[in-house]
Undergrad: 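Here it is, the structure, as structure tokens.
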Amino acid sequence: MKIRAVNLTRVFHIGLSRIAAVNDVNLEVNEEKFIAVIGPSGSGKSTLLNLLGLNDYPTSGKMLIDSKDTALLSKKERRKIRLFRIGFVFQTFNLLSTLSALENVELPMSLAGKPLEDQREKAVKLLENVGLAHRLDHRPKELSVGEMQRVAIARSLINNPELIIADEPTGELDSKRANEIVDLLFDLKKRHKTTIIVATHDQEIVEPADEIYKIMDGKLSHR
Ligand code: ADP
Ligand code: MG
């Protein structure tokens with residue numbers, strides 16, 4: 001998937017104050033690219049990723065997917081793109097507390113209407129890939145934070161997305177686990193031509209990225 005942001009801006013109003021959390025950002029990410037966005041807490045990383053992943057609407061500017069303006073999409077079309085073409089790893093994981101690890105990973109496939117056996121087989125494989133074969137039946141509250149993060153990563157991959165957007169995907173992991181996750185993402189890029197956008201404040205994990213951007217007070221610049 002090819003994505004392009006043109007003068008992308010997202011403003012929040014809190015009382016009388018106005019925050020341009022994403023401020024006039026221009027960015028082009030082509031297929032098979034691994035892009036890292038680094039910046040301190042509060043610099044606008046999550047806000048930018050939510051715009052790029054169609055989880056939010058810009059205040060001004062444009063978000064294009066494969067050269068098409070996403071402002072022209074209906075809610076339903078946006079949802080379809082998010083479900084079938086984008087895998088999102090949220091900073092807060094967004095796991096459903098009543099579902100097991102396995103069921104959380106299966107969920108996007110079941111929303112996409114895939115048969116149960118296929119879901120199960122694939123979800124188990126993905127959980128094995130992130131080192132959680134022994135945690136399939138655990139609920140989120142029975143998992144460590146690092147394990148929840150890995151469940152969220154496995155879930156983001158279940159529908160073979162063309163674009164993976166990961167918001168601090170290694171934030172709660174030790175450096176060995178963090179490197180494994182980065183290797184996994186890099187491998188996806190190579191094998192499936194997946195486009196990958198990662199936000200982080202961890203210098204170490206951006207090493208394999210094709211391009212590194214810095215964000216500061218909502219302003220994006222090439223590093
Ligand atoms: P980061 O992910 O880099 O830590 P965020 O994108 O979460 O940064 O936030 C950027 C800025 O926007 C911060 O000042 C934050 O307080 C503000 N912000 C983010 N989301 C909201 C929101 N929903 N409402 C109001 N302000 C927000
Ligand atoms: Mg954030």
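We count ligands from 1, going down the list as the structure has it; atoms in each ligand are counted the same way. This chain uses plain numbering: 1 for the first residue, then up along the sequence.
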Undergrad: For a distance under 2.8 Å, tell me if Q91 has an N/O/S atom near the Mg ion (ligand 2).
TA: yes
Undergrad: In Å and rounded to the nearest 0.5 Å, what is the CD1 to NZ distance from I196 to K33?
TA: 12.5 Å
Undergrad: Is it true that, when you exclude D210 itself, more than 12 heavy atoms of the residues, nucleotides or ligands shown sit nearer than 6.0 Å to its CG?
TA: yes
Undergrad: Could you walk me through whether R120 and E106 satisfy the salt bridge (Lys or Arg N to Asp or Glu O under 4.0 Å) test, starting with their C-alpha distance in whole Å, then the side-chain angles of each, then the deciding distance to 0.1 Å, before giving a yes or no?
TA: CA-CA 7 Å; R120 188 121 304 179; E106 285 175 342; 2.6 Å; yes
Undergrad: With a cut-off of 6.0 Å (strictly less than), are more than 12 heavy atoms of other residues, nucleotides or ligands near CD of E28?
TA: yes
Undergrad: Hey, is NZ on K114 packed in by over 12 heavy atoms from elsewhere, all under 6.0 Å?
TA: yes
Undergrad: How long is the gap from NE2 on H13 to CD1 on I19, to the nearest 0.5 Å?
TA: 10.0 Å
Undergrad: Would you say the Mg ion (ligand 2) has T47 as a near neighbour, meaning an N/O/S atom of that residue under 2.8 Å away?
TA: no
Undergrad: Below 4.0 Å from any atom of ligand 1, which residues have a heavy atom? Give them in chain and number order, please.
TA: F12, I14, A21, P40, S41, G42, S43, G44, K45, S46, T47
Undergrad: Among side-chain atoms of S46 and D167, is any donor-acceptor pair under 3.5 angstrom?
TA: yes
